[in-house]
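Report on the structure given below.
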Amino acid sequence: MAAPKRGRSASAQSKPGRALALILIAMVALTGGMFLSGHTTPRLGIDLAGGTSITLEAKADQGSAINKANMDTAVDIMNRRVNGLGVSEAEVQTQGDRNIIVNIPKGTNSKEARDQVGTTAKLYFRPVLAQEATGGAAATSPSPSASGSSTASPSPSASKSGTGEKATSSSSPSATATSQGRAVSDALKADSTPSASASASSAASPSAAASSAPSAADAKLQAAYAALDCSKKAQRTTAGDGAKPSETTLGCGEISGVWYKYVLGPAAVDGTEVKKAQAVFDTQTAAGWQVTMTFTGKGAKKFADITGQLAKNTQPQNEFGIVLDGEVVSSPYVSSSITGGNAQISGSFTQEEAQNLANMLSYGALPLSFQEQSVTTVTAALGGDQLHAGLLAGAIGLLLVVIYLVAYYRGLSVVAMASLLASGILTYVIMSLLGPTIGFALNLPAVCGAIVAIGITADSFIVYFERIRDEIREGRSLRPAVERAWPRARRTILVSDFVSFLAAAVLFVVTVGKVQGFAFTLGLTTVLDVVVVFFFTKPLMTLLARRKFFASGHKWSGLDPKSLGAQPPLRRTRRPAPVETKEA
């Protein structure tokens, strides 16, 4: 009977080329995917590529308490606002109990992002009672149109920077104080009876206006409207301050580069009742870019009621103002009641204008108001210096590791450096692919994590090499030493890498911001270390053990039995057969 073969890994020892071929095919496939995608370099974070950092402080002036729930809600809404601009690496996080930090990377319109992220008041739909161009501009007021989702009517611009003119323009009141006061008085009368025709109120005689003396609040509003000049930033930023949703107020809005002032009725629909808003391009009716809105059940009923009332009036009292932070971002007119919970705002939009308005409608309501505390701009030059310093530190660390490996392990350093090269290629390619895939960006802490990973990867090689040397010291030749050392080294490597990965995972979960970049990179490189050791280092070591330079224990191979103090091999000797002694 033939004796069974000894050795637990004969198949792995005889076919190491399969594992090497597998990891090399994976490297080639990933590298090819990187070049095909066009993203041949990792995305850089704000601290390396440059960008803008905004610090916002919460203010408890909207009746809401500054607590963790409200702060988390504000962070979520701001994060969606910034992502609505197409930013995938922007960071929105809390700092302390009252501050929120918004980091916007290079390549984003930082001014637009500041306007949207820092716009923190609630969003309301208010009926327009009166409007007028200010600053000596023409008295025509182009307005977009709002319609139900079943129809699409092309009409002028709907955003603050709209350029179209209304098809049937109307004249606003003249600039005299008397006519302005009459306009506000008539508007307030129309507000008290929404179904009344605007033309009837505009035709009221001065004596009729005088016969119904306005109240003190109305007189104050008339005076404020007459004095308001929205072309002046100081005045338009304070227009409507302190007004409650249930009160009539003033507002400013920009259309075609001209600032208009508005008298706005009580809020009819709250911004929180907009379920969804998005910018769409209508190719069927040549209406171009439109903004579609979907309301909640409660909001749909309110919107149907207010549009039904406005449709009975003439311009401008058939318009509703979309008011965000006291500014009228759009004032579309209504031609019929809009039911069903779906509506469209159509006009001569550009894509950017439609997306901006959709973002404001979708993410307009915050539970708290915020005041901008500081804005810090990180230039690309500063980020480049930091990246250069980080790469230099990594190169110095790698050079020191290579010098140590060559000095101590000599020929074995070839295996270690080849494994480090394979690990580096995989890390670089995967980071480049993760940028467009999940929005991963390489920031300075992530570079530090990659530098730390050099030591972790080198430690795995050292554990394996020392196990092989221990086997040689016990008198075994190289080929069996490589196979006998692997199970013991494998356990140590797995335990060490598991501890490192667990620490990285915990750090990633419990931290925010840039520290997560360090944790993510550390976890990624730890996983790649296991892959490289199992599929590259071990098979390569098995192949080299068959070469005479290493198998013979050359003094420059790092495996010289004499320099390692190897014991002579243990040999079994036959015991002599016992000799039977004869009794005398």
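Please read all numbers here as calculations on a predicted model, not as lab measurements.
Contact of the I322 side chain with the I345 side chain is registered, since non-hydrogen atoms from C-beta on lie closer than 4.5 Å. Residues I430 and L434 have side chains in contact (heavy-atom distance under 4.5 Å, counting atoms from C-beta outward).
Shown here are the ring pair (Phe, Tyr, Trp, His ring centres under 6.0 Å) partners of F35, two or more places apart in sequence or in another chain: there are none. Taking T55 as the reference, S374 meet the side chain to side chain donor-acceptor pair (under 3.5 Å) condition, with sequence neighbours excluded. Every residue was checked against the side chain to side chain donor-acceptor pair (under 3.5 Å) condition with Q235, not counting sequence neighbours, and none meets it. Taking K244 as the reference, nothing meets the salt bridge (Lys or Arg N to Asp or Glu O under 4.0 Å) condition, with sequence neighbours excluded. Evaluation of the ring pair (Phe, Tyr, Trp, His ring centres under 6.0 Å) rule for F520 yields F440 as partners, not counting sequence neighbours. Here T41 pairs with nothing under the side chain to side chain donor-acceptor pair (under 3.5 Å) rule; sequence neighbours left out.
In this structure, CG on N342 lies 4.5 Å from OG1 on T294, to the nearest 0.5 angstrom. Rounding to the nearest 0.5 angstrom, the gap separating the CG atom in L228 from the CH2 atom in W259 is 11.0 Å.
A donor-acceptor pair under 3.5 Å is absent between the side-chain atoms of K261 and the main chain of L250, judged by distance alone.
Relative orientation of the F125 and F320 rings is tilted, given thresholds of 30° and 60° on the angle between their planes.
More than 12 heavy atoms of other shown residues, nucleotides or ligands fall within 6.0 angstrom of atom NZ in K302.
There is a side-chain donor-acceptor pair under 3.5 Å between E57 and Q373.
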